[in-house]
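Here's the structure, in structure tokens; my notes come after.
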Amino acid sequence: MRKKIIAGNWKMNKTPEEAIAYMQKFIPLVKDAKNEIIICAPYIDLAFLVEITKKTNIKIGAQNMHFKESGAYTGEVSGKMLKSIGVEYVIIGHSERRQYFAETDETVNLKIKSAFENDLKPIVCVGETLEEREKGITKDIITNQTEKALEGLTHEQVKNTIIAYEPIWAIGTGKTATAEDANNSIKQIREKIANIYGKDTAEQVIIQYGGSVKPSNAKEIFTMSDIDGGLVGGASLEPEDFNNIVNY
Ligand code: 13P
């Protein structure tokens, strides 16, 4: 059986001081949690968070990385740099990065490959816009994004990729996909992976749901057959709320 992984995406929130204050509350709350916990924080917080979560059950992730190891890319951070400070995960291709920072399926694919080269586990985001949903092309969009993201990876790498299905219209809007709808989309993503990499590989891939997950809806969503946890934005910013999601 696949495990459940609950990841918080703080987005552009929290100074190092605020990040440390959060952890002082959060670490004791979740110390006996059954599910895996990841916090994806701004770059500036990462070294502090790695330090304070050592010897805890909380893993630390970044929210983006460049696909080159080093060079003249002002303002960018590489996978090699993230690894060097003890970061273990990295979100790749979040819809906000695709939308505001011109990420494409091609750069997403390059970043995933670079993440694996640097021994980081990618959390790869896919999801349709409201317009795409209304046109009835959700399945095409999310399965295409998945196929392109995973292109050229080994079976072993695919098994170690976390996919986050995040319908864009559900992010930060308070609207969630129904649990059945989310489960159905995630099944379609898994079927696509099975078609390309085989059923055995597809069955091992962790596929999360993201988009307005809250303490009040986490249980309904996370207990669906194909949903292996979540990627949580706004509700991961308060330790008590995120604890209630982690321990749904
Ligand atoms: P919200 O939980 O705030 O809707 O954000 C979801 C998200 O984008 C997580 O990556």
Side-chain angles (χ1 to χ4, degrees), residues 2 4-9 11-12 40 61 63-64 89-112 115 122-153 158 161-197 202-203 205-214 217-218 220-236 245:
R2 290 183 302 272
K4 305 272 181 194
I5 301 183
I6 321 289
N9 174 9
K11 308 192 178 182
M12 195 172 71
C40 298
Q63 299 171 6
N64 178 37
Y89 291 86
V90 57
I91 297 175
I92 292 179
H94 192 281
S95 60
E96 287 151 16
R97 297 222 47 97
R98 294 182 193 249
Q99 193 179 351
Y100 308 135
F101 303 98
E103 292 256 354
T104 62
D105 289 330
E106 288 68 36
T107 59
V108 167
N109 178 254
L110 289 171
K111 288 179 180 197
I112 296 169
I123 303 172
V124 180
C125 302
V126 300
E128 80 286 1
T129 63
L130 186 58
E131 200 187 345
E132 289 161 347
R133 165 159 287 238
E134 283 168 352
K135 276 196 208 146
I137 56 171
T138 297
K139 181 180 174 184
D140 290 344
I141 296 292
I142 62 179
T143 57
N144 273 333
Q145 284 177 339
T146 302
E147 178 171 11
K148 288 185 176 151
L150 301 180
E151 207 171 282
L153 298 190
V158 172
T161 302
I162 299 174
I163 295 181
Y165 167 60
E166 299 204 311
I168 295 170
W169 49 271
I171 295 178
T173 57
K175 290 184 200 153
T176 41
T178 64
E180 288 73 25
D181 242 13
N183 198 51
N184 196 33
S185 291
I186 286 176
K187 274 189 183 162
Q188 292 169 342
I189 293 169
R190 203 179 298 288
E191 269 164 28
K192 182 69 174 191
I193 299 172
N195 289 341
I196 306 171
Y197 297 93
E203 285 301 321
V205 179
I206 300 284
I207 311 183
Q208 301 172 316
Y209 169 79
S212 298
V213 174
K214 302 182 277 277
N217 62 22
E220 189 192 354
I221 296 170
F222 295 164
T223 50
M224 297 302 290
S225 63
D226 271 62
I227 304 182
D228 307 322
L231 183 57
V232 184
S236 72
I245 293 174

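Computed from a predicted model, the values in this text were never measured in an experiment.
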When rounded to the nearest 0.5 angstrom, what is the spacing between CD1 in I162 and CD1 in I206?
6.5 Å
Are T176 and V213 close enough that some pair of their side-chain heavy atoms sits under 4.5 Å apart?
no
Using the side chain to side chain donor-acceptor pair (under 3.5 Å) criterion, which residues pair with T129? Sequence neighbours excluded.
E132
Separation between CD1 (I5) and OH (Y89), nearest 0.5 Å, reads 5.0 Å
Would you compute the distance between atom OG1 of T178 and atom CG of N217 and round it to the nearest 0.5 angstrom?
11.5 Å
Distance (rounded to the nearest 0.5 Å) between Q208 CD and I186 CD1
8.5 Å
I'd like to check Y197 versus L150 (side-chain heavy atoms, cut-off strictly below 4.5 Å). Are they in contact?
yes
Excluding sequence neighbours, so at least two apart, what forms side chain to side chain donor-acceptor pair (under 3.5 Å) with K4?
none
Here the salt bridge (charged side-chain N to carboxylate O under 4.0 Å, His left out) pairs for residues 224-235, sequence neighbours left out, are R2-D228, R190-D226, R190-D228
Taking only residues at least two apart or on different chains, which pairs with a member in residues 135-152 satisfy side-chain hydrogen bond (donor to acceptor under 3.5 Å, both in side chains)?
E147-K192
Report yes if some heavy atom in the side chain of H94 is under 4.5 Å from a heavy atom in the side chain of I171; otherwise report no.
yes
Which pair of non-hydrogen atoms, one from A179 and one from I227, has the smallest distance, and what is that distance?
O-CD1, 4.1 Å
Within the 4.5 Å heavy-atom criterion, are N109 and D105 side-chain neighbours or not?
no
Would M12 and Q63 satisfy side-chain contact (heavy atoms from CB on, under 4.5 Å), going step by step from the backbone distance to the final call?
CA-CA 9 Å; M12 195 172 71; Q63 299 171 6; 5.9 Å; no
Over all heavy atoms of both residues, which pair between I245 and A218 is shortest? Give the atoms and the distance, please.
CG2-CB, 4.1 Å
List the residues meeting salt bridge (charged side-chain N to carboxylate O under 4.0 Å, His left out) with E103, not counting sequence neighbours, and say none if there are none.
R97, K111
Under the side chain to side chain donor-acceptor pair (under 3.5 Å) test, residues paired with E128 that sit two or more places apart:
R133, Y165, W169
Donor-acceptor pair, distance only, cut-off 3.5 Å: does the side chain of T107 make one with the backbone of T104?
yes
Closest contact, heavy atoms only, K187 versus S225
CE-OG, 3.9 Å
Identify the heavy atoms of T173 and S212 that sit nearest to each other, and give their distance.
N-OG, 3.5 Å
Can you measure from CD1 (I207) to OG1 (T161) and round to the nearest 0.5 angstrom?
10.5 Å
Can you name the nearest heavy-atom pair linking C125 to L231, along with the distance?
SG-CD2, 3.9 Å
Taking every non-hydrogen atom, the tightest pair across Y209 and P167:
CE1-CD, 3.6 Å
Nearest-0.5 Å distance that lies between atom CD1 in I163 and atom CD1 in I189:
6.5 Å
